[in-house]
Structure formats: C-alpha cells, structure tokens
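Each chain gets a letter, A, B and so on, in the order its sequence line appears, and its residues count up from 1. Nothing here was measured: the structure is a model prediction, and the numbers come from that model.
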Amino acid sequence: MSTPVRVRFAPSPTGYLHVGGARTALFNWLYARNRGGKFILRIEDTDEARNTETAMQAILDGLRWLGLDWDEGPEVGGEFGPYFQSKRQSIYDAYFAKLEAAGRTYTEENGAVRFKFSREPIMVADLVCGDVHFASTEEPDMTIRRPDGSYIFHFVNVVDDIEMKISHVIRGEDHLSNTWKHIDLMHALGSHPPRYAHIPLILNPGGSKMSKRDEGAAIDSYQKSGFLPDAVFNYLCLLGWTPRSEKEKIDRQELVTLFDAADIHSSNARFDMAKCTWFNAQYLRELAPEALLGAASPFLQSAGIDTGSNTHAAVAVHSVKEKISLLSEIPAWAHYFFREDYPFEEEVITKLKAKTENKALLQAVLDHLPSISDWSESGFTIGIESVAAENKVKPGSILPLLRFALSGQNRGPNVATIAHLIGQESTANRIQRVLTKVL
RNA sequence: GACCCAUUCGUCUAGCGGUUAGGACACAUCCCUUUCACGGAUGCGACACGAGUUCGAUUCUCGUAUGGGUCGCCA
C-alpha cells in the first residue's frame, strides 16, 4: 500500500493540445500533487508519419500555460527516460523478446506480429467505473508490431507504464474498452497492472465528441481569446468532477487539496463556453491593477494601443475590469485612455443631436472647467454639480454627454474617473472637439 | 453488428430509500445606478420510459429507449 504514486500524461504530438487531453493532464497532475506523487510527461511519437516538432511544442506550451509542471519528461529528464517513445526501441525489443519466449506472439504473412490473447475473462477494477467485466473472447488478437519492426500503441503504452513504474493510469473513457487487452499484456509480461481511472469525455454543446472545429477545442485558443489560465483550470476541473465543497470558484491550491479520483463522475459532460467565460470574469476581478495591465498588454498591443508612456495605464485598464469577462475585450473598453483620435459611435451621435440643449450644456461644462482647481474625482464631480445647478438640470443630464465626449461611447467607468485619468487639459480639448466637429 | 460506459432543470451538478428535489451558468423581471457592468432579490426550469423490490423509490434490481465509446499494421 506504500507504492509511490506515479501518474503520466501521454500525448501523441499530432496536432494541438485538445481540451479533453488538457483535462486528462489536469486530473493526473492534481492526483499526483494531492498524493505527493510524480507527474510524468511521456511523448507517444511512434507514428513517425504523423508526428511533428511544432505539435509537440504546442502541447508543452499548452501544459505550461495551464501551469501543469511535470516532474519527469521532455526538457526536465528523469531516471526512467528517455521520455520519447521514438527513442526507446531497444527497451521495446527486450520486452518483445520476452513475449516471444513466452509463446504469446505469432507472425502474419507480411511480417506483422500479433499478441495472442489469453481468452480468459478479465476484470478492470476501475476507480471511476467500478468493476468492469470483459469476456475477451470475440476480438481478434491484436497487432503489436508492424512489419518494419516498429511497435503499436497498445504495446509501447503498456511497456512504458511498466518500465516507468506507473501506479495509476488516469485517461479518457475511450480507452476503457481496450483496457482488458492491456491487462492481458501486462500479465503476459509478468507484471501487475496499475490502478485504472477512466474519466468521462468532454462533449461539444451538441452532445458529440469535441472536434477541432468546435469552439474551445484547442487550448491555445483560450490564451488567444483572453482567458486566464487559472479560470480555465478551474472550469475544466469541474467538468466531470465535483469536490466536496459548496463553492465552485476554487483556487489551484485548494483544488490540489480537495482532489480525489474517487469523486470523478462516470458520465460525459458537455462543454459550456458561457460558464467558462463566467469563471474568467471572476478571476479577472481578482487581479490587481499592475497584474491586469500585464495580462492585458498583449491585447492592447495587437489593437495598436501604446500604454508605455501613460503613467495611469494600470489604473485606467483596471477601471474597466468589472465591465468585461475576457482580456480581449479590454482594448474596446479602454482605448480612449491612450489616444485622442478615438472614434465616435454613430448611434450615440444621432441620439445626442436629437436634443438641441445638449450642445449648450456641453459648452457650459467647457466654460466652467477652468474654475475647477481640484482635479480629483470628487473635485470634478463638485464642478459638474454646480454646472448642473446653474443650468437647472440634474447631473444625470450632463454626465452621459460628457461620457460621450470623453470616450466616444455610451458605456464605461465613472465619468469622473475618466476625466481624472485623462487630465484637465485633455478633458477640455475633447469637449471642444466634440462641440466643433461632431455635434 | 458485438461488447463497454452512461442517463436529475437548456448546460454543469447536489442527492447516496422518506427532501416543498438544492446550487451554479444561461435566460427573464425588479432593486441599486450618470452609462455599461458588478452586486442583491425574485422568477423560469429536471429525476428518459416500463416493470419489480419495499410501508415508501430520483436513489436498489431487471428490461426498453436514448446518448457516448471500443472493436486499426492511429494514438
């Protein structure tokens, strides 16, 4: 009972990191961290024709982005390496010889080799699905080696799990039906099978398997659309697993503490982008101004916004934090803090032109501006209140006009906040410009 | 076709024989409010179906239906 926990994520570098694969990695990682075990990354690149270096980097990048660090594997090494199946041929040859010696193989006419099943009933004692019984009598013997001497997934997967002393195999439920074959192979090789935990699949909103066309299928798309890794991490955890906890927003450390493979569900879950986005909004709101600016800067840059010289940049970006759910929304909500040539939304122009007194009110504000000596948010507000009183209107009649003048749009943070951040001079210039050119 | 897994609001789920079947997302309404949001409140909304076991089934058993998966010299 004291065997150390060693789990692995074993992707095949044929494309990108899929959301289902990412969650498999996540559960393995959580299990290892919870039990004080090792999380191993093994690259299953036995199919030369389909594997690429860029695909492998995409997988590594995706795991790193999610904060899933591996204890053994590519770039970090480990005592059971190499961690690329393409570099373990001699190990496989040795195990293959063992199987041959045991009389459990036979060769096809063209040179491919099959593993002779025991044809005994086999039970998979699954941590998630319970005891699953297989008769193992109908299926044809499985091919384990190609005519060219390279090995098939089922064989190398099993050999590596033995060699790397994997204690628990946590993988997608799509592997459950083949697990008896792996156990049969393990027995033939004289090894004890690891514990298995087959986790439910992530389905698209339509209820079928997530494909690369589905929104949210590729992990790098989350980064591109402005998700925070912690939010995606949290959401993915809750797809197929529920902690004994009332809340849903749970930070990484607490998830590690709470995680237990026994609580993993056995039915598939559909992916819901709206809820994932909600999680992101929650995590976004926790970011301090500087952290938010850091996270948002790639998006600001790609929108052509330069925040470098603006000393209020962090505060400005922070002021729209509660308006948005994704980092990618920030440029549209905060661009006017960083440039004077911001656009004016057409429908707002039309609305303002409809009332002739609007122009006079803006002029009154402009005239009053120089007499505001305290350009703090409260100082500005007092100034606006006095303009309102002089013109016998409520501040609520003036503020929307100002918002439009200062930002070009009809939504955003407090007008006082905007005015304070862009400064007194820019405020006057912006009102002046609207008066002469827009209205 | 054979085998395997599953089935609670639209979605994610709680429930582990007796509950007004709870929460979250989404949606709707109201409150707050200079806007947009946040937040708060309320509403909408589910045990796939049929037998059996039981004093009593969402919960246990068996069927049926539906969904998903596996049966590759892909992984």
Query raised in the report: Within the structure shown, what part of the strands sits under 4.0 Å from A/E139 by heavy-atom distance: base, sugar-phosphate, or nothing?
Result: sugar-phosphate
Protein N or O to nucleotides 73-75 of chain B N or O, pairs below 3.5 Å:
unit_1, atom_1, unit_2, atom_2, d
B/C73, OP2, A/T143, OG1, 2.9
B/C73, N3, A/N110, ND2, 2.8
B/C73, N4, A/N110, OD1, 3.1
B/C73, N4, A/N110, ND2, 2.4
B/C74, OP2, A/R146, NE, 2.9
B/C74, OP2, A/R146, NH2, 3.2
B/C74, O2', A/D47, OD2, 3.2
B/C74, O2', A/R50, NH1, 2.5
B/A75, OP1, A/T46, OG1, 2.9
B/A75, OP1, A/R146, NH2, 2.7
B/A75, OP2, A/F153, N, 3.1
B/A75, O3', A/E44, O, 3.2
B/A75, N6, A/H154, NE2, 3.3

Requested in this report: Check whether any side-chain nitrogen or oxygen of A/H265 sits under 4.0 Å from OP1 or OP2 of B/U13, and answer yes or no.
Outcome: yes
Query raised in the report: Contact class for A/G111 (heavy atom, under 4.0 Å): base, sugar-phosphate, or nothing?
Result: nothing
Heteroatom pairs (N/O) under 3.5 angstrom, protein to nucleotides 26-31 of chain B:
none

Report task. Remember a base hit wins even if backbone is also touched, and classify A/R270 as base, sugar-phosphate or nothing at under 4.0 Å, heavy atoms. Result -> sugar-phosphate
Report task. Let me know the distance between CD1 of A/I330 and P of B/A37, rounded to the nearest Å. Result -> 17 Å
Query raised in the report: Counting side-chain heavy atoms from CB outward, which of B/U34, B/C4, B/G68 is closest to A/S208?
Result: B/G68
Requested in this report: Give one of base, sugar-phosphate or nothing for A/V415, where a contact means two heavy atoms less than 4.0 Å apart.
Outcome: base
Query raised in the report: Are any of the side-chain nitrogens in A/R119 or A/D141 under 4.0 Å away from the carboxylate oxygens of its partner?
Result: yes
**Report entry** Contact under 4.0 Å: A/T242 side-chain N or O vs B/A14 OP1/OP2
**Finding:** yes
Query - Nearest-nucleotide comparison on RNA chain B, the residue closer to the 5′ end among A/N414 and A/P205 - result: A/P205
Report task. Using atom NE2 of A/H182 as one end and atom P of B/C4 as the other, report the distance to the nearest whole Å. Result -> 18 Å
Query - CA sep, side-chain torsions, deciding dist, call: A/F115, A/R145, side chain to side chain contact (heavy atoms under 4.5 Å, CB included) - result: CA-CA 9 Å; A/F115 168 64; A/R145 197 175 76 164; over 6 Å; no
**Report entry** Touch class at under 4.0 angstrom, heavy-atom based, for A/K209 against every strand present
**Finding:** sugar-phosphate
Query raised in the report: So which one's nearest nucleotide on RNA chain B is more toward 5', A/F279 or A/R244?
Result: A/R244
Requested in this report: Output the single nucleotide from B/U13, B/C36, B/G39 whose closest atom is nearest the side chain of A/A269.
Outcome: B/U13
Requested in this report: Return the value, rounded to whole Å, for the distance between atom CG of A/L406 and atom P of B/U35.
Outcome: 16 Å
Query - Span that lies between the C1' atom of B/U58 and that of B/C16, in whole angstrom - result: 11 Å
Query raised in the report: How long is the line joining CE of A/M210 and C1' of B/G68, in whole Å?
Result: 15 Å
Query raised in the report: Can you tell which of B/G72, B/A24, B/U70 lies closest to the side chain of A/P140?
Result: B/G72
Query raised in the report: How far does the C1' atom of B/U8 sit from the matching atom of B/U66, given to the nearest Å?
Result: 15 Å
Report task. Pick base, sugar-phosphate or nothing for A/S267, based on heavy-atom distances below 4.0 Å to the nucleic acid. Result -> sugar-phosphate
Query raised in the report: Given side chains that start at C-beta, do those of A/F153 and A/N178 come closer than 4.5 Å, heavy atoms only?
Result: no
Query raised in the report: In terms of side-chain geometry, is the basic nitrogen of A/D160 or A/K165 positioned less than 4.0 Å from the acidic oxygen of its partner?
Result: no
Query raised in the report: Regarding A/K249 and the six-membered ring of A/Y283, is the cationic atom NZ or CZ under 6.0 Å from the ring centre and inside 45° of its axis?
Result: yes
Query raised in the report: Is it true that A/E108 and A/R146 make a salt bridge, defined as a side-chain N closer than 4.0 Å to a carboxylate O?
Result: no
Requested in this report: Using a 90° cut-off around 0 for syn, call B/C12 syn or anti.
Outcome: anti
Query - Value in whole Å for how far the P atom of B/G23 lies from CD1 of A/I250 - result: 18 Å
Requested in this report: Answer with base, sugar-phosphate or nothing: what part of the nucleic acid does A/G412 contact at a heavy-atom distance below 4.0 Å?
Outcome: base
Query raised in the report: Whole-Å distance between B/C5 P and A/L203 CG?
Result: 18 Å
Query - Between B/C71 (P) and A/E138 (CD): distance, integer Å - result: 16 Å
Report task. Run the salt-bridge test on A/E75 and A/R64 with the 4.0 Å N-O cut-off and return the result as yes or no. Result -> yes
Requested in this report: Taking only Lys NZ, Arg NE, NH1 and NH2, and the carboxylate oxygens of Asp or Glu, determine whether A/R6 and A/E72 approach each other closer than 4.0 Å.
Outcome: yes
Report task. Give one of base, sugar-phosphate or nothing for A/F134, where a contact means two heavy atoms less than 4.0 Å apart. Result -> sugar-phosphate
Query raised in the report: Over how many whole Å does the gap from A/L239 atom CG to B/A24 atom P extend?
Result: 19 Å
